[in-house]
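Have a look at the structure below, then the notes.
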Amino acid sequence: MKLTGNTILITGGGSGIGRGLAEALHKLGNKVIISGRRKKKLTETIQANPGMESVELDVADPASIAAVAGELVAKYPKLNVLVNNAGIMHIDDVSGPIDDAVAVATVTTNLLGPIRLTAALVDHLKKQESAAVINVSSVLGFVPLALAAIYSSTKAALHSYSLSLRYKLRESSVSVLEIAPPWVQTDLLNSNNEPRAMPLREFIAETMKVLGTDAKEVLVEQARPLRNNVGPDEGAFVTQFNDTMTQPPG
């Protein structure tokens with residue numbers, strides 16, 4: 001992907017991976033617009049990065065998506081990159097009753113959000129000389145974490161959707177990329193100080209290097225063992241992975 005000269009919308013851009021990507025791309029001279037539900041986080045981020053802009057957007061709300069998409073196209077006619085990053089993650093136990101509200105919120109935010117926002121902007125993106133849709137999934141889409149089964153399922157579905165979208169847009173000017181992070185030190189599940197997680201700064205630096213290549217799947221080295229697991233023996237691998245994750249660090 002060309003890393004300069006773009007006008008980029010990043011959902012969930014006020015914190016974590018979204019903010020890290022926004023700041024890295026902003027430093028390269030791109031026009032970056034971040035979105036999210038938490039106005040305070042958005043304000044803090046754009047104040048720390050003069051020239052960056054923000055818009056309040058709830059990707060779980062179809063009306064918000066429709067309204068904001070129209071505003072973005074009108075205000076930023078050169079918008080050519082969409083980064084679907086916003087997501088939520090909750091611990092669950094699918095071996096028993098689940099909280100239906102949490103399940104619906106997770107699927108709506110993590111899967112329907114990117115699908116709806118992409119659908120709202122894709123015709124505009126196709127009019128650009130060069131454009132991209134970048135979906136932020138997770139290695140848990142390839143090796144599910146049983147403690148967060150619903151989250152893992154949404155990321156597996158987002159990977160599948162990305163493959164289909166890439167195929168359908170193969171003859172257009174729009175590239176479809178997928179960033180599949182490993183466990184990263186962010187606010188997600190209060191992982192900022194988790195020693196087993198990859199430091200955010202290191203993740204962003206390595207991700208930007210790969211993003212600047214022709215790779216369709218953007219993977220840091222730490223993510224590759226889980227991405228490469230898919231195969232006939234994945235059941236045993238998933239069991240081993242989850243056994244490891246339920247053990248305390250150290």
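Predicted model only: the values in this text are computed from it and were never measured.
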Can you tell me which residue pairs pass the ring pair (Phe, Tyr, Trp, His ring centres under 6.0 Å) test with a partner in residues 31-65, sequence neighbours excluded?
-> none
More than 12 non-hydrogen atoms from neighbouring residues, nucleotides or ligands closer than 6.0 Å to CG on D243, yes or no?
-> yes
Pair E221 + R224: basic N to acidic O under 4.0 Å | yes
Return the set of residues passing salt bridge (charged side-chain N to carboxylate O under 4.0 Å, His left out) with K27 (not counting sequence neighbours), or none when no residue passes.
-> none
Answer yes or no: is there a donor N or O on one side and an acceptor on the other, between the side chain of R116 and the main chain of P62, under 3.5 Å?
-> no
Taking the side chain as every heavy atom from C-beta outward, state whether I65 and L57 have any atom pair closer than 4.5 Å.
-> yes
Is the shortest heavy-atom distance from the side chain of L121 to the side chain of V73 under 4.5 Å?
-> yes
How close do D92 and I150 get, heavy atom to heavy atom, and via which atoms?
-> OD2-N, 3.0 Å
After noting the C-alpha distance and the side-chain angles of L79 and L9, does the key distance pass the side chain to side chain contact (heavy atoms under 4.5 Å, CB included) rule?
-> CA-CA 7 Å; L79 178 68; L9 171 66; 4.0 Å; yes
Check for a donor-acceptor pair, side chain of N30 on one end and backbone N or O of T7 on the other, with a separation under 3.5 Å.
-> no
By side chain to side chain contact (heavy atoms under 4.5 Å, CB included) - contacts of T109 (at least two apart) = V59, A60, I88
Determine, stepwise, if the pair I134 / M1 fulfils side chain to side chain contact (heavy atoms under 4.5 Å, CB included).
-> CA-CA 10 Å; I134 304 175; M1 172 181 163; 3.6 Å; yes
Are more than 12 heavy atoms from other residues, nucleotides or ligands located less than 6.0 Å from atom CZ of R196?
-> yes
Would you mind reporting whether D93 and I98 have side-chain heavy atoms less than 4.5 Å apart?
-> no
Where do V81 and L125 come nearest, in terms of heavy atoms and distance?
-> N-CD2, 4.1 Å
Step by step, work out the side chain to side chain contact (heavy atoms under 4.5 Å, CB included) result for L21 and I179.
-> CA-CA 11 Å; L21 290 172; I179 300 175; 4.2 Å; yes
Test item: H90 side-chain N/O and A105 main-chain N/O as donor-acceptor pair under 3.5 Å | no
Any side-chain donor paired with an acceptor under 3.5 Å for S15 and R38?
-> yes
For R227, all residues meeting salt bridge (charged side-chain N to carboxylate O under 4.0 Å, His left out), sequence neighbours excluded | E217
Indicate the atoms forming the closest heavy-atom contact of L158 with P114, along with that distance.
-> CD1-CB, 4.0 Å
Hey, any chance V32 and M208 share a hydrophobic cluster, counting ILVMFWY side chains that come within less than 4.5 Å of each other, even indirectly?
-> yes
Checking N135 side chain against S162 main chain: does a donor-acceptor pair fall under 3.5 Å?
-> no
Using a 4.5 Å cut-off on heavy atoms from C-beta on, say whether the side chain of P181 contacts that of I17.
-> yes
Pairs in or reaching into residues 100-142: which pass ring pair (Phe, Tyr, Trp, His ring centres under 6.0 Å), with residues at least two apart or in two chains?
-> F142-H159
Can you tell me which residue pairs pass the salt bridge (charged side-chain N to carboxylate O under 4.0 Å, His left out) test with a partner in residues 117-127, sequence neighbours excluded?
-> D123-K126
Taking every non-hydrogen atom, the tightest pair across D58 and S64 | N-OG, 3.1 Å
NZ of K39: more than 12 outside heavy atoms within 6.0 angstrom?
-> no
Determine yes or no for a side-chain-to-main-chain donor-acceptor pair under 3.5 angstrom, with N6 supplying the side chain and K2 the backbone.
-> yes
Please confirm whether the backbone N or O of A146 pairs with a side-chain atom of N242, one donor and one acceptor, at under 3.5 Å?
-> yes
Any ring pair (Phe, Tyr, Trp, His ring centres under 6.0 Å) pairs touching residues 165-210, not counting sequence neighbours?
-> none
Which residues satisfy the side chain to side chain contact (heavy atoms under 4.5 Å, CB included) test with P199, sequence neighbours excluded?
-> Q185, E202
Do L165 and L169 have side-chain heavy atoms sitting under 4.5 Å apart?
-> yes
Answer yes or no: is there a side-chain heavy-atom contact under 4.5 Å between L211 and L177?
-> yes
Taking the side chain from K209 and the backbone from I204, do they hold a donor-acceptor pair closer than 3.5 Å?
-> no
Over all atoms of both residues, closest heavy-atom pair of A22 and I34 = CB-CG2, 3.6 Å
Got a donor-acceptor contact below 3.5 angstrom from the N84 side chain to the V136 backbone?
-> no
Sequence neighbours excluded, the answer for side chain to side chain contact (heavy atoms under 4.5 Å, CB included) partners of A148 is M89, L145, Y151
Side chain to side chain contact (heavy atoms under 4.5 Å, CB included) evaluation trace for T43 with K40 = CA-CA 5 Å; T43 300; K40 181 180 179 182; 5.8 Å; no
Any residue meeting salt bridge (charged side-chain N to carboxylate O under 4.0 Å, His left out) with E56, in chain and number order, not counting sequence neighbours | none
Would you say S191's side chain and T186's backbone share a donor-acceptor pair under 3.5 angstrom?
-> no
Looking only at heavy atoms, which two atoms of L42 and S35 are closest? And how far apart?
-> CD2-C, 3.7 Å
Name all residues meeting the side chain to side chain contact (heavy atoms under 4.5 Å, CB included) criterion together with A119; count only those two or more places apart in sequence or in a different chain, and write none if there are none.
-> none
Sorted by chain and residue number, the salt bridge (charged side-chain N to carboxylate O under 4.0 Å, His left out) partners of K41 (sequence neighbours excluded) come out as none
Okay, side chain of N80, backbone of S130: is any donor-acceptor separation there less than 3.5 Å?
-> yes
